[in-house]
There are 2 protein chains.
Amino acid sequence: MTDSEAQDTAASWQLNSVTEDPSFLLARANALSLGAGNAALRPLGLKVRSYSVLALVCDGLYPTQRELADYLRLDPSQVVSLIDDLESRDLVERRTDERDRRSKVIAPTGEGQRVRAEARERVRAAEEAPLAVLSPEERDTFSALLARVAFPPQR
Amino acid sequence: MTDSEAQDTAASWQLNSVTEDPSFLLARANALSLGAGNAALRPLGLKVRSYSVLALVCDGLYPTQRELADYLRLDPSQVVSLIDDLESRDLVERRTDERDRRSKVIAPTGEGQRVRAEARERVRAAEEAPLAVLSPEERDTFSALLARVAFPPQR
DNA sequence: ACCATTTCATTGAGAAAGTCAACTATACAC
DNA sequence: GTGTATAGTTGACTTTCTCAATGAAATGGT
């Protein structure tokens with residue numbers, strides 16, 4: 001079977017029960033987007049995960065590691081690894097929070113800001129592909145709805 | 001910090017650059033949906049992955065492992081494990097494809113169909129939660145757009 | 001009919017990611 | 001002050017991902 005035939009098979013399968021399942025669609029769309037994003041960031045030595053951390057840190061929020069873990073739904077130990085990696089490359093730095101000396105506030109370095117700016121452009125370009133199938137208006141609608149699903153009002 | 005304060009922090013952060021990033025939103029929405037789905041399926045000894053396989057197999061498509069791998073974007077070796085697991089529980093069975101004896105067609109057992117029906121209901125119920133924030137019309141719109149993103153026309 | 005190439009399922013190795021239980025230092029409530 | 005709770009860290013362990021290699025079977029060219 002050639003690649004295009006495999007594609008045809010997948011396409012013809014769109015008439016099945018799984019394809020109507022939003023959670024399955026979400027997983028697949030995420031896989032596409034994650035793949036494109038990681039590929040785009042590879043030259044910078046980043047992945048979507050580490051980029052998300054870097055971007056949050058560069059937003060002037062000075063988050064603690066705990067806040068990063070909550071926001072990104074990561075185990076605190078994963079945040080340790082991510083920050084270790086970014087800090088070892090001098091993209092961010094840990095600063096003990098003087099108001100609560102248990103926690104560490106993460107601050108971007110100048111280099112971190114620079115890398116983040118480049119990463120942002122690469123990610124933006126990479127996102128075009130998966131979302132290119134939607135018109136600009138559809139894309140806005142989709143993003144708005146998605147944001148509400150991703151951040152339910154409360155729970 | 002209490003849980004609700006952490007929630008507040010996350011909520012207040014919605015004014016940052018990452019939150020506008022569709023790929024990040026997709027990742028987060030997927031994490032929510034995956035968590036809910038896996039929790040709902042745990043009593044049946046399934047996960048969202050294995051359920052996706054079982055559901056496809058029960059759709060009367062008689063897919064080969066290769067087709068499952070393509071469709072679910074999995075490495076063929078992962079499909080081996082998934083089918084091993086389902087087959088060991090007599091939910092599906094491998095049948096050598098007589099038209100191409102290299103490949104194996106996966107067929108559901110009666111028990112597989114039964115478990116799948118129950119799993120479908122559980123997944124449906126679990127999906128309500130993440131999507132409950134949308135009105136029925138919004139939900140339809142969202143699903144339709146998501147389906148196009150997840151299955152781009154061709155590439 | 002033969003040979004080279006390709007594909008499918010499988011195995012196994014190694015990397016990456018997720019989960020969980022301790023532990024230290026610090027903060028907070030009483 | 002003392003007990004309890006939290007932030008970060010470490011380490012163990014499991015799961016998942018990614019890749020290379022292999023045997024069996026199909027395909028195409030000559």
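In what follows, chains are A, B, ... by sequence order, proteins preceding strands, each numbered from 1.
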Asks: With respect to the side chain of R49(B), which nucleotide from dC17(D), dA9(C), dG18(C) is positioned closest?
Replies: dC17(D)
Asks: Side chain of R101(A) only, please: which of dC20(C), dA27(C), dT9(D) is the nearest?
Replies: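 So the nucleotide nearest the side chain must be dA27(C).
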Asks: So, E128(B) and R139(B), do they make that salt bridge, N to O below 4.0 Å?
Replies: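 Yes.
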Asks: For dT9(D), does OP1 or OP2 lie under 4.0 Å from any side-chain N or O of Q78(A)?
Replies: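 For dT9(D), neither OP1 nor OP2 has a side-chain N or O of Q78(A) closer than 4.0 Å.
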Asks: So, does the side chain of S77(B) form a donor-acceptor pair with the base of dC19(D) at under 3.5 Å?
Replies: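 Such a pair is found, so the answer is yes.
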Asks: Which nucleotide wins on minimum distance to the side chain of D84(B), given the candidates dT9(D), dT16(D), dT11(C)?
Replies: dT11(C)
Asks: With a non-hydrogen cut-off below 4.0 angstrom, is S103(A) in contact with a base, only sugar-phosphate, or nothing?
Replies: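 It contacts sugar-phosphate atoms only.
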Asks: From the list dA25(D), dG8(D), dT16(D), which nucleotide is the closest neighbour of the side chain of D100(B)?
Replies: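 Between dA25(D), dG8(D), dT16(D), the one nearest the side chain of D100(B) would be dA25(D).
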Asks: Checking contacts here: which listed nucleotide (dC19(D), dC17(D), dA9(C)) is nearest the side-chain heavy atoms of R66(B)?
Replies: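 Of dC19(D), dC17(D), dA9(C), dA9(C) is nearest to the side chain of R66(B).
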Asks: Nearest to the R102(A) side chain among dT26(C), dT9(D), dC20(C), which nucleotide is it?
Replies: dT26(C)
Asks: Where the side chain of K104(A) is concerned, which of dT9(D), dC17(D), dA17(C) is the nearest nucleotide?
Replies: dT9(D)
Asks: If you check every side-chain atom of R94(A), which of dT26(C), dT9(D), dA16(C) has the closest atom?
Replies: dT9(D)
Asks: Salt-bridged, D84(A) to R94(A), with N to O below 4.0 Å?
Replies: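 Salt bridge: yes.
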Asks: Honestly curious: do F24(B) and L34(A) fall in one hydrophobic cluster under the side-chain, below-4.5 Å linking rule?
Replies: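 Per the 4.5 Å side-chain linkage, F24(B) and L34(A) are co-clustered.
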